[in-house]
Every structure is written in C-alpha cells, then in structure tokens.
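From a predicted model like this one, the values you see are computed outputs, not experimental measurements. The first residue of the sequence shown is numbered 1, and numbering continues consecutively from there. Scope of the values below: all heavy atoms of this structure, side chains included, with no hydrogens, waters or symmetry mates.
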Amino acid sequence: MADEDFAEWAMTYSQRTNRSLAGSRLRPEREQPASAFRDAAVQWGVTVSADADDTDTGAETDVNTEGTASIALDVREVQDARTLSGKDAIDYAERHMPVMRTLMAELRSGTDFNGLRIAVCLVLEPKTAVLLRQLKAAGAMVGVFADPSETDQRVADQLRREGITVEADARWTAEQAQAGALRLLDTIAPHIIIDDGASFARLAAAKRPDLLDGLIGVAEETTSGVRAFQAMQDAGALTFPVVAVNDSVLKTGFDNAHGTGETCVTTVQQLLGARCFQDASVTVIGYGPVGRGFALRVRALGANVTICDTDPVAALKAVFDGFDALDINEAVVDADIVVSATGVRHTITVEHMRLMRERAVLSVIGGIANEIALDDIPGFHHDNTQPVSAIAVPDGPTLTLLAQGDGVNYTAGGGNPIEIMDLSFAVQVSAVHHLLAHRSGQHRLPPQVHRLSAASDRHIAAIALRTRGLSASHATADNGYDWRLTRFDDTV
C-alpha cells in the first residue's frame, strides 16, 4: 500500500459502504500498510490490526475474532451500497444496526407501542428506514416526511410498499414539500413527533394547532432544533415537552463528531477528488463536535486548518488541538476551502464571500437553510441536481459551491455512517420510550426541553460494546467511600 493512498482508500470505503471508519479495526489481508497510511488511519480513529490475516480476503465483514467491528484494507471488491435496490439498501443497513434492534427488543417487552401514532421528519435514507421499520414492527402507526434534497427515492418507494406512510419525493418543489408535510400531519395526527431542526413540530404549531392537544411530545435530533425549542421555551411559546436527543453524549459525541465529521470529509473528496485536502488551506467556522471532527480528519489528509469560533473557549480548545484560531474576516481571505459548521443562519454572509479568493470552495457540514447567505445572492436558485456549482458573488469572486449550500454529506453523499446512526437512533428510541413513560399522571413531563439521563446513555453504550464483543470495566462494589474521609485521615 503506497504512502499516499489513505485518502483514496478512506473516501472509497466510506462512500461505497456508508460504514464508519472511526471506531473500527482495519484488518490487513496479507501485508501491513505503509507507515504513512497507518499514521493517517490512527489519526482518523481506526485501530490497525498488528497481524495480517491470510485466511480472509473478503472485502467486508461485520466482526473479527474479538467481535470488534472490522473493515478490510482491500476495497476493490467492496459492495457499493449506493447501487442496491431500496429493499436491499435498507436490509444492508439493518444488518449493521444491532444496538437499536437490541434496545427495541428490550423496550417492547415492557412498553405497548400498539396504536401509537408517530410522525417522523428526518433525512430519508436507509438508516432512517430501519428506525421506521422497527417502530412499525412494534405496533406503531408510522409516517415520514423529508425535504426533496434529503430524500433517497428508492427508499421512499420501498417504504410505501411496506405500508409506511411516506410524504417525500426527490422531485418535489418547495410548495409541494410543504403540502406533503401538512398531509402527513393530517394523516397521522401524531402522538409523537421525531423531528430534525424543529421544523415539523413548529409547522404543526403554526398550521395545525388543533393537533397539539393530542401530542405527547417531540424527540429532537439536532443542535439547531434544540436551540429553536429552547428559544420557544424562553419566550413562553412551548406548549409540549421536547426530549433533546441531540444533547445525549451518544448523539453529540458520536453522530456529530464522528458521523458528520467523517462523512462530510469523504463526500467533499468524492466531489473534488480524493486528494483535494492535501496541502490545502482549509477554514472551519465553528469548533463544536462537527467542526472539530471535520478539522481533525482533514488534517490527517494533509490540510492546513484554521478555526473560527465566536466563543473564546472553543477557539482556545482549537489552539490546544494544534490549530490556528483567527477571526473569520482574516481566515477566509487565503482559504482554498471554507466550511461552515455552526448550524446558525447567515454564518457566512455576502461580505465574507467578497473577501474570499476566486474559485474558493464553499460548503456547509451538518447545516441548516441559508447557513451560507445564499438568499442574499441575486438570482440564486437551488438546483439539487448540481452538487458542484459556481456562484457569482456581487462585487466579489466566483466561488465553487458544494451541495447547493445544504449539508454536504446528506445531500451529496450517503449521510452519516450506519454504525453511528445505530447509536443516534437508539437514543431516539429511548426518547420515545421516555415520552411514553411520562405521558400522564404525576410523572407527566411539563412543556419544556428535557434531557435523557446519563443512565440511558450508559445503557446504550453497554449494548454497543457488547455487540462488538467488548465491555466497560467494573468498579469495586464497596470502596469504603465516606465524604468525611480526607487525605489526612486516609493514611497507612
């Protein structure tokens, strides 16, 4: 394996399989990779096995002899999951999502899902379809809405065949999409909403307020959505409980940092070339989990990374991670690639774009509508058939725009890896269970933003370790702890 091949390998494996590299073990088939490859892999989050395995030359397996999620060095024979039929793509994802399946089996034994009406507003792709299948199999009536730019049509068509209500079509206009969202609300009259960006629940509050009387609560997937619900709560406008799924450490710490951070990198590679980050000047705006996950990985691919964050603490963290931290006006001037990772509208304004160099690349990772101020560019219209396009900035340069300014990994790629979404959707399932368990009586949740307990995260993490043949350590049952005991007393 040549020293410079890690970038090509990571892009190919990630985009073909939609499997997570981070947290996996690389299994060399016959010989160890070159040292530069190994170093980049370790920086990425991959464990490289010490010994080559001559007995198994298959390109993809689930676990090695220790049970750890295992991936192969040779990607030439890897099945390209993007070419599978809708049914096969969902089945493929389901095979690699044991955590959610295990948790659902546990919860179904003590929770009645029969007759529960659940409306889902998420990116519609194979992993989401697994969540929908699991809820339907438990007895719930399930329906899903997705924006046209976030709809995998083969998945939408397959779910309709399986009896799930689908209001999603990649060919829809914006007006048709809103009409579809309202139809789903009218059809499902949901007890629970699983939301992305707080968009669906806010649509219900604005356009179908009568439905809120039957709403048990909302499980919110994203940072931007939790921020919106918190603002509603602060304004006294939140009339239903919301479980902040995003605030679970198994969501933010894995989905955001590893899932989005990883697949945004490999999707940009897919669009611009496997070695597009080599020696490139990259500005990352926002140093939360998404921005950090992206920055660490493009550095592993040879990029020179500068961080911009309005929070001095986040900027200082970036410095201690080995990055420069600068003001956005300074950082974008000489950047080859600028990415926004904030989830905040107009993070990159027209004034910022005017400062950028000709043909610089502009992208959103994660993302909400108009995180880049494209609504201030005269004549700009979304065209989801153009993953790479040019935008002429008034009185400024012509820039290269990726994914029409939408989140690049889920609009131009396959979205977050399967194993990562297995954790996130396990948290979603826990949120649904929490809402059901506290729907009435003295334990009824008040209309505010709620967080799941640390015990819930630990339980899901324990399942995830167990499915990999691993475990956390154990604590001494009685370590003699007494708050009155000090270092002066605890002597030999």
Side-chain angles (χ1 to χ4, degrees), residues 3-15 20-23 36-46 255-309 314-315 317-326 328 331-342 347-348 356-357 359-367 371-372 387-388 399-403 407-410 412-413 415-417 420:
D3 284 357
E4 68 273 20
D5 279 348
F6 178 77
E8 182 85 36
W9 177 84
M11 177 195 72
T12 302
Y13 193 92
S14 171
Q15 292 296 299
S20 179
L21 300 178
F37 186 105
R38 291 174 61 90
D39 291 346
V42 170
Q43 287 185 61
W44 194 281
V46 180
D255 186 314
N256 295 15
H258 296 295
T260 306
E262 178 171 294
T263 55
C264 282
V265 173
T266 60
T267 303
V268 172
Q269 290 178 278
Q270 188 81 10
L271 297 177
L272 301 179
R275 295 176 181 81
C276 64
F277 293 110
Q278 182 66 47
D279 299 322
S281 174
V282 178
T283 293
V284 178
I285 305 169
Y287 203 64
V290 170
R292 185 173 188 267
F294 184 91
L296 292 172
R297 287 180 173 85
V298 296
R299 182 167 66 183
L301 299 182
N304 301 305
V305 183
T306 300
I307 303 297
C308 304
D309 201 294
K317 286 180 180 179
V319 172
F320 273 68
D321 280 341
F323 300 110
D324 286 334
L326 297 174
I328 186 172
V332 300
V333 172
D334 295 318
D336 300 306
I337 300 173
V338 177
V339 301
S340 179
T342 65
T347 291
I348 299 176
M356 294 171 64
R357 66 200 308 176
R359 298 294 175 181
V361 174
L362 192 54
S363 182
V364 171
I365 58 176
E371 193 161 325
I372 301 170
V388 181
L399 303 176
T400 301
L401 180 67
L402 301 186
V408 67
N409 65 329
Y410 58 80
N416 284 351
I420 298 298

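- For A325, the side chain to side chain contact (heavy atoms under 4.5 Å, CB included) partners at least two apart in sequence or on another chain are A315, V319.
- For the atom pair CG of L271 and OG1 of T400, the computed distance is 11.0 Å after rounding to the nearest 0.5 Å.
- With sequence neighbours excluded, the residues satisfying side chain to side chain contact (heavy atoms under 4.5 Å, CB included) with T347 are I285, S340, T342, V344, E371.
- Shown here for V364 and G367, the closest heavy-atom pair between the two residues is CG1-CA, 3.3 Å.
- Side chain of Q269 to backbone of A7: a donor-acceptor contact under 3.5 angstrom is found.
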| field | Worked verdict on L402 versus L272 for side-chain contact (heavy atoms from CB on, under 4.5 Å) | value | CA-CA 9 Å; L402 301 186; L272 301 179; 4.1 Å; yes

| request: Begin from the C-alpha positions of V265 and F277 and carry the test side-chain contact (heavy atoms from CB on, under 4.5 Å) through to its verdict. | output: CA-CA 9 Å; V265 173; F277 293 110; 3.9 Å; yes

| task | Carefully, step by step, assess N409 and T260 under the rule side-chain contact (heavy atoms from CB on, under 4.5 Å). | result | CA-CA 7 Å; N409 65 329; T260 306; 4.2 Å; yes

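- Here side chain to side chain donor-acceptor pair (under 3.5 Å) pairs that include residues 281-290, with residues two or more places apart or in two chains, are Y287-D321.
- Minimum heavy-atom separation, A41 to F6: CA-CE1, 3.6 Å.
- Rounded to the nearest 0.5 angstrom, M356 CE and L362 CG are separated by 4.5 Å.
- Between G259 and P417, the closest heavy-atom pair is CA-CD, 3.5 Å.
- Taking a cutoff of 4.0 Å between a charged side-chain nitrogen and a carboxylate oxygen, R275 and D5 qualify as a salt bridge.
- Of the N and O atoms on the side chains of N416 and D255, at least one donor lies less than 3.5 Å from an acceptor on the other residue.
- Heavy-atom minimum distance, T263 versus Q15: O-NE2, 4.1 Å.
- With rounding to the nearest 0.5 angstrom, the SG atom of C264 is 5.0 Å from the CD1 atom of I365.
- Legend: residues meeting salt bridge (charged side-chain N to carboxylate O under 4.0 Å, His left out) with D39, ordered by chain and number and at least two apart, are absent.
- The shortest non-hydrogen separation linking A295 to I307 is CB-CD1, 4.0 Å.
- Nearest heavy atom pair, residue A331 against residue C308, reads CB-SG, 3.4 Å.
- Under the salt bridge (charged side-chain N to carboxylate O under 4.0 Å, His left out) criterion, R357 pairs with D336, not counting sequence neighbours.
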| request: Determine, stepwise, if the pair I372 / L401 fulfils side-chain contact (heavy atoms from CB on, under 4.5 Å). | output: CA-CA 10 Å; I372 301 170; L401 180 67; 4.1 Å; yes

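- With rounding to the nearest 0.5 Å, the separation of OG1 in T306 from CG in L326 is 5.5 Å.
- Taking CZ from F294 and OG from S363, the interatomic distance works out to 7.0 Å, rounded to the nearest 0.5 Å.
- A distance of 11.0 Å separates CG in L301 from CE in M11, rounded to the nearest 0.5 Å.
- In terms of the side chain to side chain contact (heavy atoms under 4.5 Å, CB included) criterion, residue partners of A22 (sequence neighbours excluded) are, by chain and number, S20, H258, E262, R297.
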